[in-house]
Amino acid sequence: MEMRLERVKGTRDFLPEEMAKRRWVFERVREVFERYNFREVLTPAFEYTDLFRLRSGEEVVKELYAFIDKGGRDVSLRPDMTSSVARLYVNRFQNAPKPVKWYYIANMFRYEEPQSGRFREFWQAGVELIGSDKVEADAEVIALFVQSYLATGLEGFTVNIGDRVLLDEFAKMLGVSDDIGLMRLIDKKDKLSREDFIKALKEFGLNDEGVEKVLSLVEIKGKPDEVLPMAEELFGSGEAKDEISRLYELVDLLDAYGVSKWIRIDLGIARGFDYYTSIVFEAIAPNDLGIGSIGGGGRYDNLIEVFGGKPTPATGFAIGLERLIPVLEWRGLIPEPKLRPDVYVIPIGRERAVKKVAIEVVTALREAGVEADVELTGRKLGKALDYAGRLGVPFVVLIGKRDLEGGRLTVRDMESGEQRAVEIERVVEELTELLGL
RNA sequence: GCCAGGGUGGUGUAGCCUGGUUAGCACAGGGGACUGUGGAUCCCCUAGCCCGGGUUCAAAUCCCGGCCCUGGCCCCA
């Protein structure tokens, strides 16, 4: 009988080298989040499917890892964290001092076809700021978004800011009833050639004037001071004017945060259309890997009410780690992890007394904070040195009967090959010094 | 859900088109040559045709289905 045990489609195993690199990225991001006074939360990996249904409608269920559990519950693995965090807030934190500032670094699951930068299990690092509808909150979150990427060493990226209110107004201006369809189309503008885009707009049902307007809208893309005046020209209504002045204030505040360099306006981005209500944004880092957005977010002022809470404004973002990490790798920004001990202790021969001294020595080294390992396979000395050499271990401690009789052991510098006899009691001191600890 | 291209020891590959030796090679792993001195050399060992069905005297090879991988579409909360 042979059993086949394979990974489930769209999932991955992470080996030590990759884990070390991932953890390095996670830590950089975590540090910035905490500096901005966001605090970590973690919710269950699965929720009632109704939670996601309530937010996004029945269609999303086919994108969910959904199943019926043994108790007959209709549950789904979380496709992102925002729903769970909003649920947690509604359950227990509606009376907490505002704003509530939470962050998470966790795995998410979506039942989709795997492709470049897309897996069925993936990780996101994100924040949610709940309880302020002020533009200051948007600015704080977007500034942190920028700083999160900077903390990983990434500099070549932009954060493009769009606005759902303006897109809605725009659809109204054009007299389009299927505003979601229009937004989907506009969101694809960068994937299509200009001709195909125009063709698609006409097929959608726009007349020449409508097409012209859409083209002027997607032109509103670039540095804020250059393109926001164009937006003022395009939009007439009062609601749009208010939203545009919100954007003006936002970019002004982002200037105070010192992150203007990375900020662009792009009124053609929609970032989906489920629950965003105002400012939306996404980060793009040019690369040859076919990876587009490396993260995004926006304001969602209705979700908490939809979940049965008091109407509460909120804003947040999520960084897609499976997209960010390859880009960082591609730019050579992640340090090579050290995947070896600093000291390797080799007992020579099979005598128990020798093996015990080896264990005592490695234990003393470990207690002194040295990353130390001990030979465990009973290999002969030659092979053991070979092993240490391949690993790149800088120092080896050799313990044999001959040295032991004089109360000593041998410390070998693997690089130079130099060896010297050291008193057993002095070996920790000697090695911590050699390692500069 | 749809489309294209793939799948040979742990890794990388040859063989496939044109069916026919014991499926070859390299690296990695274990052991030995060498019972106290490393990355070399030599020898030995471990280990593979994704799964199932079909065609055939004969299938890694041809056909069908499935699974998985890579990428694209849809969707992207």
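Note on naming: letters A, B, ... go to the chains in the order of the sequence lines (proteins, then strands), and numbering restarts at 1 for each one.
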Separation between the [atom1] atoms of [N] and [M], rounded to whole Å:
{"N": "rC34(B)", "M": "rU70(B)", "atom1": "P", "value": "48 Å"}
{"N": "rU61(B)", "M": "rU56(B)", "atom1": "C1'", "value": "13 Å"}
{"N": "rG10(B)", "M": "rG48(B)", "atom1": "P", "value": "7 Å"}
{"N": "rC63(B)", "M": "rA4(B)", "atom1": "P", "value": "15 Å"}
{"N": "rC25(B)", "M": "rG19(B)", "atom1": "C1'", "value": "23 Å"}
{"N": "rC64(B)", "M": "rA77(B)", "atom1": "C1'", "value": "39 Å"}
{"N": "rU18(B)", "M": "rG71(B)", "atom1": "P", "value": "31 Å"}
{"N": "rA47(B)", "M": "rU41(B)", "atom1": "P", "value": "25 Å"}

Taking everything shown except [X] itself, do over 12 heavy atoms lie less than 6.0 Å from its [atom1]?
{"X": "Arg23(A)", "atom1": "CZ", "result": "no"}
{"X": "Phe395(A)", "atom1": "CZ", "result": "yes"}
{"X": "Phe67(A)", "atom1": "CZ", "result": "yes"}

field: Any N/O donor-acceptor pair, Gln419(A) side-chain to rU37(B) base, under 3.5 Å
entry: yes
- request: Determine whether any donor atom in the side chain of Arg390(A) lies under 3.5 Å from an acceptor atom in the base of rG38(B), or the reverse, and answer yes or no.
  value: no
message: If you compare every side-chain N and O of Lys188(A) against the phosphate oxygens of rC75(B) (OP1, OP2), does one of them come in below 4.0 Å?
response: yes
message: Measuring to OP1 and OP2 of rC75(B), would you say a side-chain N or O of Arg118(A) lies under 4.0 angstrom away?
response: no
Given [options], the nucleotide with the shortest approach to the side chain of [X]:
{"X": "Lys383(A)", "options": "rC74(B), rG31(B), rG36(B)", "result": "rG31(B)"}
{"X": "Lys380(A)", "options": "rG36(B), rC76(B), rU35(B)", "result": "rU35(B)"}
{"X": "Ser116(A)", "options": "rG72(B), rG36(B), rC69(B)", "result": "rG72(B)"}
{"X": "Arg184(A)", "options": "rC68(B), rG36(B), rC75(B)", "result": "rC75(B)"}
{"X": "Arg110(A)", "options": "rG36(B), rG30(B), rC76(B)", "result": "rC76(B)"}
{"X": "Lys191(A)", "options": "rG36(B), rC75(B), rG1(B)", "result": "rC75(B)"}
{"X": "Arg412(A)", "options": "rU37(B), rA77(B), rC73(B)", "result": "rU37(B)"}
{"X": "Glu112(A)", "options": "rA77(B), rU70(B), rC75(B)", "result": "rC75(B)"}
{"X": "Glu63(A)", "options": "rA77(B), rG32(B), rG29(B)", "result": "rA77(B)"}
{"X": "Asp386(A)", "options": "rG36(B), rG30(B), rG39(B)", "result": "rG39(B)"}

Rounded to whole angstrom units, what separation is found between the [atom1] atom of [X] and the [atom2] atom of [N]?
{"X": "Asp80(A)", "N": "rC75(B)", "atom1": "CG", "atom2": "P", "answer": "18 Å"}
{"X": "Asp301(A)", "N": "rA77(B)", "atom1": "CG", "atom2": "P", "answer": "17 Å"}
{"X": "Arg164(A)", "N": "rA77(B)", "atom1": "CZ", "atom2": "C1'", "answer": "11 Å"}
{"X": "Asp13(A)", "N": "rC68(B)", "atom1": "CG", "atom2": "P", "answer": "15 Å"}

field: Tyr300(A): which of Phe307(A), Phe317(A), Tyr275(A), Tyr89(A) passes ring-ring contact (aromatic ring centres under 6.0 Å, His included)
entry: Tyr275(A)
Phe14(A), Trp123(A), Tyr104(A) screened by ring-ring contact (aromatic ring centres under 6.0 Å, His included) with Phe26(A), the one that passes: Trp123(A)
- prompt: Given that both distances must come in under 3.5 Å, which nucleotide forms a Watson-Crick or G-U wobble pair with rC62(B)?
  reply: rG54(B)
query: Between Tyr387(A) and Tyr344(A), is the ring centre distance below 6.0 Å?
result: yes
field: Sidechain-backbone polar pair: Asn160(A) side chain, Ile269(A) backbone, donor-acceptor under 3.5 Å
entry: no
